[in-house]
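Each remark here refers to the structure printed beneath this line.
We name chains A, B, ... by the order of the sequence lines, and we start the count at 1 in each one.
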Protein chains: 4
Amino acid sequence: MRSENGSTGRSFVEVARRRQIIDAAIETVAERGYANASLAHIATTAGISKSVISYHFAGKEELLREVVTAVFDECGEAVGAALASCRTWTERLAATITGQLEYLRDHRTRWLAASEIVISHRDESGTPLYLQSGDEEIEGIVGILEAGRDAGEFGAFDVRIAALTVVHGLDGVLTEWQKDESLDLDDYGRRLVAFILRAVRPGAS
Amino acid sequence: MRSENGSTGRSFVEVARRRQIIDAAIETVAERGYANASLAHIATTAGISKSVISYHFAGKEELLREVVTAVFDECGEAVGAALASCRTWTERLAATITGQLEYLRDHRTRWLAASEIVISHRDESGTPLYLQSGDEEIEGIVGILEAGRDAGEFGAFDVRIAALTVVHGLDGVLTEWQKDESLDLDDYGRRLVAFILRAVRPGAS
Amino acid sequence: MRSENGSTGRSFVEVARRRQIIDAAIETVAERGYANASLAHIATTAGISKSVISYHFAGKEELLREVVTAVFDECGEAVGAALASCRTWTERLAATITGQLEYLRDHRTRWLAASEIVISHRDESGTPLYLQSGDEEIEGIVGILEAGRDAGEFGAFDVRIAALTVVHGLDGVLTEWQKDESLDLDDYGRRLVAFILRAVRPGAS
Amino acid sequence: MRSENGSTGRSFVEVARRRQIIDAAIETVAERGYANASLAHIATTAGISKSVISYHFAGKEELLREVVTAVFDECGEAVGAALASCRTWTERLAATITGQLEYLRDHRTRWLAASEIVISHRDESGTPLYLQSGDEEIEGIVGILEAGRDAGEFGAFDVRIAALTVVHGLDGVLTEWQKDESLDLDDYGRRLVAFILRAVRPGAS
DNA sequence: CATGAATGAGGGTTCATTCAT
DNA sequence: AATGAATGAACCCTCATTCAT
């Protein structure tokens with residue numbers, strides 16, 4: 001049993017190369033857009049030969065999926081860490097929003113690239129990636145909202161609608177940030193949290 | 001007195017052909033995605049030769065921009081009509097949401113295509129369309145929210161954040177609908193309106 | 001017998017239209033070069049529809065040939081007129097050079113276009129036009145040189161070589177003029193005549 | 001120490017392929033003319049796929065410029081070699097003519113192609129190549145003529161006019177050779193030299 | 001482990017020509 | 001007499017992928 005690493009059977013060098021290529025792909029997609037991010041451009045960005053990519057990845061498809069997985073996993077971990085120290089459901093709801101915005105703030109390029117790919121890429125059957133991904137994020141927020149409602153922290157409203165509003169509201173931040181580079185994401189987060197908390201606070205519907 | 005048309009100098013036949021091509025482009029983009037919507041596919045969908053498109057449009061760029069303009073104008077008119085009969089700012093806010101959802105319900109393909117293009121298409125300088133368009137929609141909602149707040153219908157909150165939440169929340173509906181074809185958009189709209197109204201209602205914070 | 005014109009059977013309007021198109025072709029070829037002178041550009045220059053050209057000319061081939069014929073005939077007439085008043089063979093040789101340069105000076109665009117076409121255009125068999133044209137010009141100079149030699153005005157040299165040198169030397173003037181717009185063609189002509197006369201003057205060798 | 005090549009960073013195989021493609025381009029242009037020399041035809045002539053050309057050259061533009069450079073450099077070297085063994089300016093003038101004619105005799109196709117390209121090709125701004133190139137050849141002849149005049153070998157005449165006459169006279173040889181395949185270039189050269197020497201010989205202007 | 005080389009498919013665009021009106 | 005409309009061929013170029021080395 002070769003156990004240089006986990007269970008993938010990849011050597012240390014191999015893992016490093018893949019990471020390098022993934023990073024180059026992220027940079028390229030973020031800069032030039034999904035449609036203009038050819039393997040040639042990615043290879044140039046990485047400073048390697050084009051066929052190195054083909055050697056380490058089964059194809060462009062796999063590379064792009066790895067980008068998405070890597071970024072979304074990172075972000076998920078960041079949000080998870082932010083959630084760990086929360087005491088109330090209100091705090092957890094706020095942490096979900098601010099946690100993701102903090103990731104976005106610190107890893108804008110990565111998030112931008114992953115978003116582009118999820119939105120634009122389609123598998124060979126023509127199905128977009130964003131229709132293939134699970135709804136863990138939404139389910140997580142739904143869980144927080146339901147628990148908070150049961151605990152009396154939140155009022156009565158459609159939790160799924162609320163969760164979707166939060167998720168898509170977060171997506172919109174990136175656009176705002178692109179339109180206005182000087183946007184203060186921390187401040188934006190506080191105000192977004194405030195607005196969402198208004199919506200979920202107890203009281204007449 | 002040549003009165004075949006308005007001020008564009010286009011004949012009736014020309015206008016019809018352009019519309020046909022635009023419709024074919026919409027269908028193709030919605031079905032295959034922006035990146036796979038080649039002129040060849042669009043032509044095939046329209047049942048015409050590839051070069052007919054080049055004859056009627058200066059290029060793919062112009063065709064795509066016309067698609068976006070056509071769809072967004074249509075939707076804007078629909079929402080404008082819905083707003084016309086409103087008495088209160090609350091009604092206007094609700095009508096903005098339901099009006100757009102009704103357009104989306106009745107013209108799903110058109111909206112889908114226009115969204116894809118706005119998100120994915122970049123001009124020759126590499127700037128995406130969604131960063132080029134103005135913010136009329138957001139400004140409109142901001143106006144409603146401010147007026148409603150001044151009229152005492154709404155509470156005190158960051159109107160821009162609120163407007164962005166509404167706009168991006170609407171964008172998210174399409175994704176939900178694609179994931180679940182049986183989604184009742186009218187019902188969804190009522191619940192989304194209810195949630196947003198919770199957020200904007202007067203009261204603490 | 002409809003005899004509005006000569007023997008071509010073309011009406012006055014028809015002739016005018018053809019001339020208009022020929023002029024537009026000349027202007028376009030001179031400005032954009034043979035390879036970039038499409039019927040579309042020619043039509044735009046003429047301010048007419050593209051298919052008008054096809055209506056009046058059997059094809060692009062015919063149009064281009066007409067351009068060449070028209071310009072070369074004009075130039076030939078100009079040179080012929082210059083020759084008419086000459087008394088000596090030396091004068092005739094000089095008039096051949098200065099006559100053509102005067103045409104060039106006064107009709108630069110026309111000459112430029114015709115030259116481009118003759119050099120670049122090939123018929124459907126692939127034969128360039130410049131290999132199809134007769135050698136009237138060269139023969140004419142050869143005739144002058146032989147007569148002048150027999151009359152004792154010129155020395156003994158290869159008349160064909162001399163004629164070719166004159167003809168191609170004239171071609172080169174256009175290039176010089178393009179490189180230096182301020183070139184004084186009259187002066188250039190005088191100096192070119194002087195040089196050629198040195199070569200043909202009687203004497204050793 | 002990587003010493004596969006000089007300073008271009010191209011491997012041996014790469015250089016060979018480029019040469020092969022350049023040769024195929026030369027053959028194609030010479031045979032079909034500049035305007036009909038598509039990359040597809042060049043590829044067919046080379047017996048390779050069309051995209052191989054794009055792989056080895058940045059574009060058609062680069063390929064064509066390489067053709068011109070290669071041929072003109074070759075010819076320049078040949079003429080330079082012929083000049084090296086000359087003692088008098090008269091010999092040098094003659095060697096300039098015969099040297100180029102010898103190159104033309106031995107590499108007719110190459111010269112023909114390069115000439116076609118220089119005359120017909122335009123860069124993206126529309127400027128023809130022949131207006132971009134320097135005048136090294138003309139300057140060289142001018143230098144010979146001036147030195148020869150100062151040395152008393154030649155008479156008094158406009159050296160620039162003379163140089164241009166020589167250069168364009170040489171261009172004309174190719175046309176003559178195309179019209180008459182049986183033309184003896186060596187003989188032609190001797191007679192052309194004789195004619196030019198008549199023109200430059202000392203004596204009254 | 002890495003890569004230079006090659007390829008065929010497909011991209012958008014321009015073109016000369018035809019045809020019904 | 002004129003033209004708007006349409007077409008298919010050909011244009012150059014980019015692409016993801018494969019393969020021998």
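Across all strands, D:E14 comes closer than 4.0 Å only to sugar-phosphate atoms, never to a base (heavy-atom distances).
Going from atom CZ of B:R18 over to atom C1' of F:dA6 covers 16 Å, rounded to whole Å. As a whole-Å value, the separation of C:I42 CD1 from E:dT14 C1' is 14 Å. The nearest whole Å value for the distance from the CD atom in D:E124 to the P atom in F:dC12 is 16 Å. The nearest whole Å value for the distance from the CZ atom in A:F12 to the C1' atom in E:dC1 is 16 Å. As a whole-Å value, the separation of C:L39 CG from E:dA16 P is 4 Å.
Residues A:H56 and A:R18 approach most closely at O-NH1, 2.8 Å, considering heavy atoms. Considering all non-hydrogen atoms of both residues, B:H121 and B:Y34 come closest at ND1-OH, 2.6 Å. Nearest heavy atoms, A:V29 versus A:A37: CG2-CB, 3.6 Å.
Base-pair partner of F:dA1: not found among the strands shown (Watson-Crick or G-U wobble, both distances under 3.5 Å). Pair check for E:dT7 finds F:dA16; Watson-Crick or G-U wobble, both atom distances under 3.5 Å. Across all strands shown, E:dT14 is found opposite F:dA9 as a Watson-Crick or G-U wobble partner, with both distances under 3.5 Å.
Of the residues in residues 50-68 of chain D, those placing a heavy atom less than 4.0 Å from an atom of DNA chain F are D:K50, D:S51, D:S54, D:G59, D:K60, in numerical order.
Side-chain contact between D:K50 and D:T44 is absent, with no heavy atoms from C-beta onward closer than 4.5 Å. Counting heavy atoms from C-beta on, the side chains of D:L129 and D:D123 never come closer than 4.5 Å.
For the pair B:R17 and F:dG4, the criterion of a side-chain N or O lying under 4.0 Å from OP1 or OP2 is not met. A close approach under 4.0 Å does occur between a side-chain nitrogen or oxygen of B:S49 and OP1 or OP2 of F:dG8.
For the pairing with C:I117, the side chain to side chain contact (heavy atoms under 4.5 Å, CB included) check across C:V71, C:L64, C:L112 returns one residue only, C:L64.
In terms of position along DNA chain E, the nucleotide closest to A:I48 lies nearer the 5' end than the nucleotide closest to the other residue of the pair A:I48 and C:N36.
Under 3.5 Å, the side chains of A:H41 and A:S38 contain a donor-acceptor pair of N or O atoms.
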